[in-house]
Every structure is written in C-alpha cells, then in structure tokens.
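Working notes, beginning with the structure itself.
These figures come from a predicted structure and were not determined experimentally. These numbers come from the heavy atoms of this one structure, side chains and all, not from hydrogens, waters or symmetry mates.
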Amino acid sequence: MAGEGSHERRQVAWIGQNVTVEGKITSRQDIRIDGHVAGSIEVGEHEVVLGVGCTVKANLNARTVIVGGTVNGDVVATERIQIQSTGVLVGDVVSPRLIVQEGGQLQGKADIAGHRAK
C-alpha cells in the first residue's frame, strides 16, 4: 500500500471545543486547540493551531503559531506567527515572520527580528 510505513505522518494533539485546561501544557508534537486554556503552552519546535472560537489566556512558545481564535498572552515563535482573519492576539510577539490577515488583530509589541528576550 502506498505510504504504508511512512514516517512523515504528523501526529497532532487536540483540545476540543468543550474542553477547558488550566495550567501548563507541554507537548512534543503539534497541537490544535479549539477549547479554552489558561496558563502556558510550550511545544518547542512544533506547531500550535488555535481554532476559531477558542480562548487562550496563556503565554505561548512554539515553532509556529496560527491564531484563529482569541489569545491573551505573549507569543514567541522560532519560525512564524500567523493571525488569521478571525484571530485576535493581545500581547507581545517575537518571531522572524509575522503574518496578519485582513481582519486579524494584534494589540501589543511585535519584534519581527526574531530575537528572544533575555
């Protein structure tokens, strides 16, 4: 069967719409959040996708962050931050690439040089 045994298949952890998490989330794989999180999210060199309708009150640290819902917190991404047309990010961002689609909102400071605060 084509693709069988392929190790390129990416696993994604998921926090559903009716799930609320309070505390620190760490993951060694990509994660999608459609629910509600209060605390911090650290996924290292992986991707965080924040779905439409999610609410996140947390600082985020990831390779890539895609914001479709509402985030209150600072975001550090080693590759890029993308705020979709439905996304709202209230906080400071650090990333080498920042993409804000029409309708997306960023309220805070942006360091697009990608240097991490010390």
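- Residues P96 and A77 approach most closely at CD-O, 3.4 Å, considering heavy atoms.
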Walk me through whether N59 and E42 qualify under side-chain contact (heavy atoms from CB on, under 4.5 Å).
CA-CA 8 Å; N59 292 330; E42 296 181 21; over 6 Å; no
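- Rounding to the nearest 0.5 Å gives a distance of 11.0 Å between NZ of K57 and NE2 of H36.
- Shown here is Q101, whose CD atom has more than 12 heavy atoms of other residues, nucleotides or ligands within 6.0 Å.
- Under the side chain to side chain contact (heavy atoms under 4.5 Å, CB included) rule, E79 has a single partner from E45, R63, R97, which is R63.
- Hydrophobic clustering (ILVMFWY, side-chain heavy atoms < 4.5 Å, transitive): V76 and I66 are in distinct clusters.
- The CD1 atom of I99 sits 13.0 Å away from the CG atom of L106 when rounded to the nearest 0.5 Å.
- Minimum interatomic distance between V65 and L50 (heavy atoms only, all atoms of both residues): CG1-CD1, 4.3 Å.
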Carefully, step by step, assess I15 and I25 under the rule side-chain contact (heavy atoms from CB on, under 4.5 Å).
CA-CA 11 Å; I15 296 175; I25 295 174; 3.6 Å; yes
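- Of all heavy-atom pairs between H46 and R28, the closest is NE2-O, 3.0 Å.
- T86 contributes a side-chain N or O that, together with a main-chain N or O of G68, makes up a donor-acceptor pair within less than 3.5 Å.
- V43 and V21 fall within a single hydrophobic cluster, where Ile, Leu, Val, Met, Phe, Trp and Tyr side chains are chained together by heavy-atom contacts under 4.5 Å.
- Residues Q29 and A13 share a closest heavy-atom pair of NE2-N, 3.0 Å.
- Using a 4.0 Å cut-off between charged nitrogen and carboxylate oxygen, D34 and R32 count as a salt-bridge pair.
- The main-chain N or O of D92 is found under 3.5 Å from a side-chain atom of D74 such that the two form a donor-acceptor pair.
- Rounded to the nearest 0.5 angstrom, Q82 CD and L98 CG are separated by 9.5 Å.
- Transitive grouping of hydrophobic side chains (ILVMFWY, heavy atoms separated by less than 4.5 Å) keeps V93 and V90 in distinct clusters.
- Note on V49: it does not cluster hydrophobically with I83, by side-chain heavy-atom contacts below 4.5 Å among ILVMFWY residues.
- Residues V19 and I31 fall within the same hydrophobic cluster, defined by Ile, Leu, Val, Met, Phe, Trp and Tyr side chains chained together at heavy-atom separations under 4.5 Å.
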Go through the steps for D111 and K109 under the test side-chain contact (heavy atoms from CB on, under 4.5 Å), then give the verdict.
CA-CA 7 Å; D111 176 358; K109 297 177 193 169; over 6 Å; no
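- When the options T64, T78, I81 are evaluated for a side chain to side chain contact (heavy atoms under 4.5 Å, CB included) with S95, the one that passes is I81.
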